[in-house]
*Asks:* 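This is the structure I want to talk about, given as structure tokens.
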Amino acid sequence: MASEPVARAVAEELARWGGMRQTGVSLRYMTEFGARPTHRNLLLSAQFLHKELPIRIARRALDLDSLPFGLSKKPAVLKVRDWYLDSFRDIRYFPEVRSQEDELAFTQMIKMIRVRHANVVPTMALGVQQLKKDMGGTKAFPSGIEEIHQFLDRFYMSRIGIRMLIGQHVALHDPDPEPGVIGLINTRLSPMQVARLASEDARAICMREYGSAPDVDIYGDPDFTFPYVITHLHLMMFELVKNSLRAVQERFMDSDKHAPPVRIIVADGAEDVTIKISDEGGGIPRSGLPRIFTYLYSTAEHPPDLDGHNEGVTMAGYGCGLPISRLYARYFGGDLQIISMEGYGTDAYLHLSRLGDSEEPLP
């Protein structure tokens with residue numbers, strides 16, 4: 001346990017760095033800079049991250065200490081805060097990056113930070129579950145509870161930004177990248193291929209949970225490609241297809257009728273690439289639609305208990321899949337919309353901005 005003077009010194013350092021202004025980097029800059037991963041460019045990238053990451057991490061650690069309704073005191077949230085404090089200390093105590101050896105050591109260190117923070121989303125979800133339980137469920141929420149939703153939106157968007165910066169730097173060390181791949185950015189990404197892979201992963205989870213899974217039909221131009229981050233698109237597609245499979249499976253599980261397929265349509269527009277995921281899973285009541293993008297709501301009757309150390313992917317329960325998917329879409333200037341027809345099914349529209357020449361600083 002840290003002594004009081006040490007703890008005070010870290011708190012002061014945290015406040016100082018958390019008060020600094022963060023620097024946004026545009027995707028165009030990332031692409032142009034990453035296209036030439038020379039030793040000099042990797043050194044410049046590491047020097048930038050050495051100064052930038054403590055600002056972003058300090059802000060999140062400070063935020064985690066000042067949440068309303070006692071959320072900051074929940075054991076799960078304290079665990080996440082400690083991860084951010086550890087990462088802040090690791091980077092601040094790392095000496096200046098001056099040589100190639102320094103840069104390689106720094107890269108290893110931030111790779112470890114990325115691993116440390118891998119379970120932030122389910123652990124924060126557990127903290128929210130603990131709060132909901134203490135408050136007697138969603139029906140008993142007091143006024144002002146939307147402040148938690150707004151915090152989590154900011155918190156998770158910042159997390160996406162931090163992981164993008166770290167992931168891009170780490171990926172630039174790949175000695176043999178695929179053609180057209182610059183760090184995490186695939187300049188020739190096939191949305192049809194990602195849709196197929198994400199659907200296979202989601203069907204495997206559905207099969208594991210229910211013993212069967214509806215088919216997924218995918219329509220679009222198999223030769224169409226555009227620049228995007230494959231991990232982001234896979235995460236969003238997996239979440240949306242998983243939700244649709246669950247809705248269809250549960251609706252037709254005890255029916256004599258054959259479960260209809262989930263349909264995915266990929267459209268190449270002038271402004272956006274749009275992917276529509278349609279199902280006949282019965283839809284969402286109109287009264288429930290405003291809540292589907294909040295972190296305090298889940299359609300699962302019995303959310304998983306994270307205290308049981310169940311880190312496998314489940315079909316539903318954490319109440320953060322849709323809002324986080326929307327944040328991933330919005331991170332690059334896109335969006336996610338859900339349109340429901342109660343008694344029939346749901347259409348999810350994933351709008352993805354074309355990333356080629358975007359000079360807007362990313363969050």
*Asks:* For atom NE2 of His39, decide whether the heavy atoms of other residues, nucleotides or ligands shown that lie under 6.0 angstrom number more than 12.
*Replies:* no

*Asks:* Establish, yes or no, whether a centroid distance under 6.0 Å links the rings of Phe332 and His232.
*Replies:* yes

*Asks:* Are Glu32 and Arg28 ion-paired here, with the side-chain N under 4.0 Å from a carboxylate O?
*Replies:* yes

*Asks:* For Glu146, does the CD atom sit with more than 12 other heavy atoms under 6.0 Å from it, leaving out its own atoms?
*Replies:* yes

*Asks:* Are the side chain of Glu13 and the backbone N or O of Arg89 linked by a donor-acceptor pair below 3.5 Å?
*Replies:* no

*Asks:* Side chain of Ser340, backbone of Gly283: donor and acceptor closer than 3.5 Å?
*Replies:* no

*Asks:* Could you check whether any side-chain heavy atom of Asp217 comes within less than 4.5 Å of a side-chain heavy atom of Ile264, counting everything from C-beta outward?
*Replies:* no

*Asks:* Return yes if some donor-acceptor pair links the side-chain N/O of Gln130 with the main-chain N/O of Lys74 below 3.5 Å, else return no.
*Replies:* no

*Asks:* Would you call Asp82 and Lys79 a salt bridge, taking side-chain N to carboxylate O under 4.0 Å as the test?
*Replies:* no

*Asks:* Check the hydrophobic clustering (I, L, V, M, F, W, Y; side-chain heavy atoms under 4.5 Å; chains of links allowed) and say if Met124 and Leu62 are grouped together.
*Replies:* yes

*Asks:* Could you please spell out the steps behind the side-chain hydrogen bond (donor to acceptor under 3.5 Å, both in side chains) verdict for Arg116 and Ser87?
*Replies:* CA-CA 8 Å; Arg116 175 187 290 149; Ser87 298; 2.8 Å; yes

*Asks:* Verify the cluster assignment for Val120 and Leu78: are they in a single hydrophobic cluster under the rule of side-chain heavy atoms below 4.5 Å apart?
*Replies:* no

*Asks:* Between the side chains of His169 and Glu103, does any donor sit under 3.5 Å from an acceptor?
*Replies:* yes

*Asks:* Members other than Ile265 in its cluster, when Ile, Leu, Val, Met, Phe, Trp, Tyr link by side-chain heavy atoms under 4.5 Å?
*Replies:* Tyr219

*Asks:* Closest approach of Thr123 and Ala76, non-hydrogen atoms and distance?
*Replies:* O-CB, 3.2 Å

*Asks:* As an exercise, state the distance from CG of Leu322 to CD1 of Ile292, rounded to the nearest 0.5 Å.
*Replies:* 5.5 Å

*Asks:* If you apply the rule side-chain contact (heavy atoms from CB on, under 4.5 Å), what do you find for Leu336 with Phe293, and how did you get there?
*Replies:* CA-CA 10 Å; Leu336 171 62; Phe293 286 112; 3.9 Å; yes

*Asks:* Considering non-hydrogen atoms only, spot the tightest contact between Pro214 and Leu245 and give its length.
*Replies:* O-CD2, 3.6 Å

*Asks:* Please determine whether a side-chain nitrogen of the Lys or Arg among Arg263 and Glu280 lies less than 4.0 Å from a carboxylate oxygen of the Asp or Glu.
*Replies:* yes

*Asks:* What heavy-atom pair brings Phe33 and Ser45 nearest, and what distance separates the two atoms?
*Replies:* CE2-CB, 3.9 Å

*Asks:* Considering all heavy atoms of both residues, which atom of Met192 and which atom of Pro222 are nearest to each other, and what is their separation?
*Replies:* CG-CA, 4.1 Å

*Asks:* Side chain of Glu239, backbone of Ser325: donor and acceptor closer than 3.5 Å?
*Replies:* no

*Asks:* Taking atom CZ of Arg40 as the centre, report whether more than 12 heavy atoms of other residues, nucleotides or ligands fall under 6.0 Å from it.
*Replies:* no

*Asks:* Is Lys242 salt-bridged to Asp201, cutoff N-O under 4.0 Å?
*Replies:* no

*Asks:* May I ask you to decide if the ring planes of His351 and Tyr349 are parallel, tilted or perpendicular, using 30° and 60° as cut-offs?
*Replies:* parallel

*Asks:* Should we say atom CE of Met20 is surrounded by more than 12 heavy atoms from elsewhere, each under 6.0 Å from it?
*Replies:* yes

*Asks:* Look at the side chain of Arg81 and the backbone N and O of Ala61, then say whether any donor-acceptor pair between them is shorter than 3.5 Å.
*Replies:* no

*Asks:* Would you say CD of Glu147 has more than 12 non-hydrogen atoms from neighbouring residues, nucleotides or ligands within 6.0 angstrom?
*Replies:* no

*Asks:* Looking at side-chain heavy atoms only, is the closest gap between Asp221 and Asp268 below 4.5 Å?
*Replies:* no

*Asks:* Judged by atom type as modelled, is there a donor-acceptor pair below 3.5 Å linking the side chain of Asp102 to the main-chain atoms of Arg98?
*Replies:* yes

*Asks:* Would you say Lys276's side chain and Asp347's backbone share a donor-acceptor pair under 3.5 angstrom?
*Replies:* no

*Asks:* Atom OG1 of Thr23 and atom CG of Leu362: how far apart are they, to the nearest 0.5 Å?
*Replies:* 13.0 Å

*Asks:* One thing to verify: whether Arg56 and Glu52 come together as a salt bridge, which I'm taking to mean a side-chain N less than 4.0 angstrom from a carboxylate O.
*Replies:* yes

*Asks:* Centroid-to-centroid, Phe155 to Tyr84, below 6.0 Å?
*Replies:* yes

*Asks:* Give a yes or no answer on whether the side chain of Asn186 reaches the backbone of Val181 with a donor-acceptor pair at less than 3.5 Å.
*Replies:* no

*Asks:* Under the 3.5 angstrom rule, does the side chain of Asp279 hit a backbone N or O of Thr346 as a donor-acceptor pair?
*Replies:* yes

*Asks:* Within a reach of under 6.0 Å around CE of Met112, are more than 12 heavy atoms found that belong to other residues, nucleotides or ligands?
*Replies:* no

*Asks:* So which atom in Pro37 and which in Leu42 form the shortest heavy-atom distance, rounded to 0.1 Å?
*Replies:* O-CD1, 3.9 Å

*Asks:* If hydrophobic clusters are built from ILVMFWY residues whose side chains come within less than 4.5 Å, do Ile339 and Ile284 share one?
*Replies:* no

*Asks:* If you group Ile, Leu, Val, Met, Phe, Trp and Tyr by side-chain heavy-atom gaps below 4.5 Å, do Leu27 and Val25 land in one group?
*Replies:* yes

*Asks:* Of all heavy-atom pairs between Ile275 and Pro191, which one has the smallest distance, and what is that distance?
*Replies:* CD1-CB, 4.3 Å

*Asks:* Please answer whether the main-chain N or O of Arg114 pairs with a side-chain N or O of Arg163 as donor and acceptor at a distance below 3.5 Å.
*Replies:* yes

*Asks:* Step through the shown structure and confirm whether more than 12 heavy atoms of other residues, nucleotides or ligands are within 6.0 Å of OH on Tyr344.
*Replies:* no

*Asks:* Shared ILVMFWY cluster between Ile182 and Val229, side chains joined below 4.5 angstrom?
*Replies:* no

*Asks:* Run the salt-bridge test on Asp272 and Arg354 with the 4.0 Å N-O cut-off and return the result as yes or no.
*Replies:* no

